[in-house]
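Quick note on labels: first sequence line is chain A, next is B, and so on, each numbered from 1.
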Amino acid sequence: DAGVIQSPRHEVTEMGQEVTLRCKPISGHDYLFWYRQTMMRGLELLIYFNNNVPIDDSGMPEDRFSAKMPNASFSTLKIQPSEPRDSAVYFCASSSGLTQYFGPGTRLLVL
Amino acid sequence: AQSVTQLGSHVSVSEGALVLLRCNYSSSVPPYLFWYVQYPNQGLQLLLKYTSAATLVKGINGFEAEFKKSETSFHLTKPSAHMSDAAEYFCAVTPGAGSYQLTFGKGTKLSVIP
């Protein structure tokens, strides 16, 4: 199995630009999670989906962040407009039960 | 609500020495507990998990953890540290059935001194 796939692995952008992060979960998994990791705040759950439906988005920091899961094999996390404080590593994880499997992450730098 | 406290943001041990990483949890329901490891520039990888079966859980790479309800702890141990164990370790908790949302601790960075 290829595992959870995230793209891009690295993204450098300027403040105010739109950023789209992509995730392909493991086939057959019905849960998908988006996390943000920073030195200051550690690992934070942003949003998670079950069967493509958003279940809890209370961790999304503000309206500039949005996430979609149009089908079982693809999800996006969009930041518009981006700000320097959004610089972080964003992880996607998927599961079919208790154990979550993490992707390699997208390292985002907003200048 | 659940929470996790990892004591010590950074732990250093000598190669061959005992590794002990501490985790205490708070949960309003019987918890499910996890240890994940993160190597530099990589995602998180599951080391082991407690799901209310045996209280002593064995994981990959020689790690194990013991669930102690009376102490609300789930400490991670390894008898003999190897250089390849240098990484960051995260303890996490979930209420389980019906909600697979994980709450993570802040992480403990393990350094192994040759």
Side-chain angles (χ1 to χ4, degrees), chain A residues 1-11 21-26 29-51 53-60 88-109, chain B residues 1-10 21 23 25 27 29-54 57-60 65 67 74 87-109:
Chain A
D1 199 326
V4 176
I5 298 172
Q6 291 187 247
S7 64
R9 292 293 310 276
H10 301 273
E11 177 82 32
L21 311 181
R22 297 172 176 81
C23 175
K24 177 178 170 56
I26 293 172
H29 284 187
D30 53 355
Y31 283 85
L32 185 138
F33 305 82
W34 281 101
Y35 292 89
R36 179 172 67 176
Q37 185 179 36
T38 61
M39 291 289 289
M40 291 296 293
R41 302 174 66 93
L43 267 165
E44 304 173 276
L45 177 66
L46 300 178
I47 185 171
Y48 78 97
F49 297 82
N50 179 219
N51 292 322
V53 176
I55 303 300
D56 186 348
D57 65 355
S58 59
M60 296 286 261
V89 182
Y90 291 81
F91 289 103
C92 175
S94 70
S95 77
S96 59
L98 282 174
T99 301
Q100 293 183 24
Y101 296 85
F102 283 74
T106 295
R107 188 173 296 272
L108 173 65
L109 178 61
Chain B
Q2 289 75 42
S3 67
V4 171
T5 302
Q6 291 184 240
L7 295 175
S9 59
H10 196 173
L21 304 182
C23 172
Y25 69 91
S27 178
V29 298
Y32 296 91
L33 293 156
F34 303 78
W35 276 100
Y36 279 85
V37 60
Q38 184 180 28
Y39 297 102
N41 300 315
Q42 294 187 28
L44 279 70
Q45 178 183 359
L46 181 70
L47 268 181
L48 50 82
K49 62 184 176 186
Y50 166 76
T51 58
S52 76
V57 181
K58 294 188 184 300
I60 62 171
F67 173 71
F74 190 57
E88 190 155 19
Y89 293 79
F90 293 89
C91 183
V93 64
T94 181
S99 170
Y100 297 132
Q101 187 171 337
L102 283 175
T103 301
F104 283 90
K106 295 289 188 187
T108 298
K109 195 166 211 176

Given a strict heavy-atom distance threshold of 4.5 Å, which part of [X] is in contact with chain B: side chain, backbone, both, or neither?
X     : result
A/Q37 : side chain
A/M39 : neither
A/N50 : neither

- What one should report as the nearest heavy-atom pair of A/L98 and B/F34 is O-CZ, 3.6 Å
- Closest heavy-atom contact between A/F102 and B/L44?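 So the two residues come closest at CB-O, 3.4 Å.
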- Query: Which residues pass the side chain to side chain donor-acceptor pair (under 3.5 Å) test with A/N51, sequence neighbours left out?
  - Reply: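 Side chain to side chain donor-acceptor pair (under 3.5 Å) check on A/N51 returns nothing, list empty.
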From [X] [atom1] over to [Y] [atom2], what is the distance, rounded to the nearest 0.5 angstrom?
X     : Y      : atom1 : atom2 : answer
A/T99 : B/Y36  : OG1   : OH    : 5.5 Å
A/F33 : B/Q101 : CZ    : CD    : 8.0 Å
B/L46 : A/Y101 : CG    : OH    : 7.0 Å

- Message: Is B/Q38 in contact with chain A via its backbone, its side chain, both, or neither, using a 4.5 Å heavy-atom distance?
- Response: side chain
- Give, as side chain, backbone, both or neither, the part of B/T51 having an atom under 4.5 angstrom from any heavy atom of chain A. side chain
- Query: For A/Y90, what residues pass the ring pair (Phe, Tyr, Trp, His ring centres under 6.0 Å) criterion, not counting sequence neighbours?
  - Reply: none
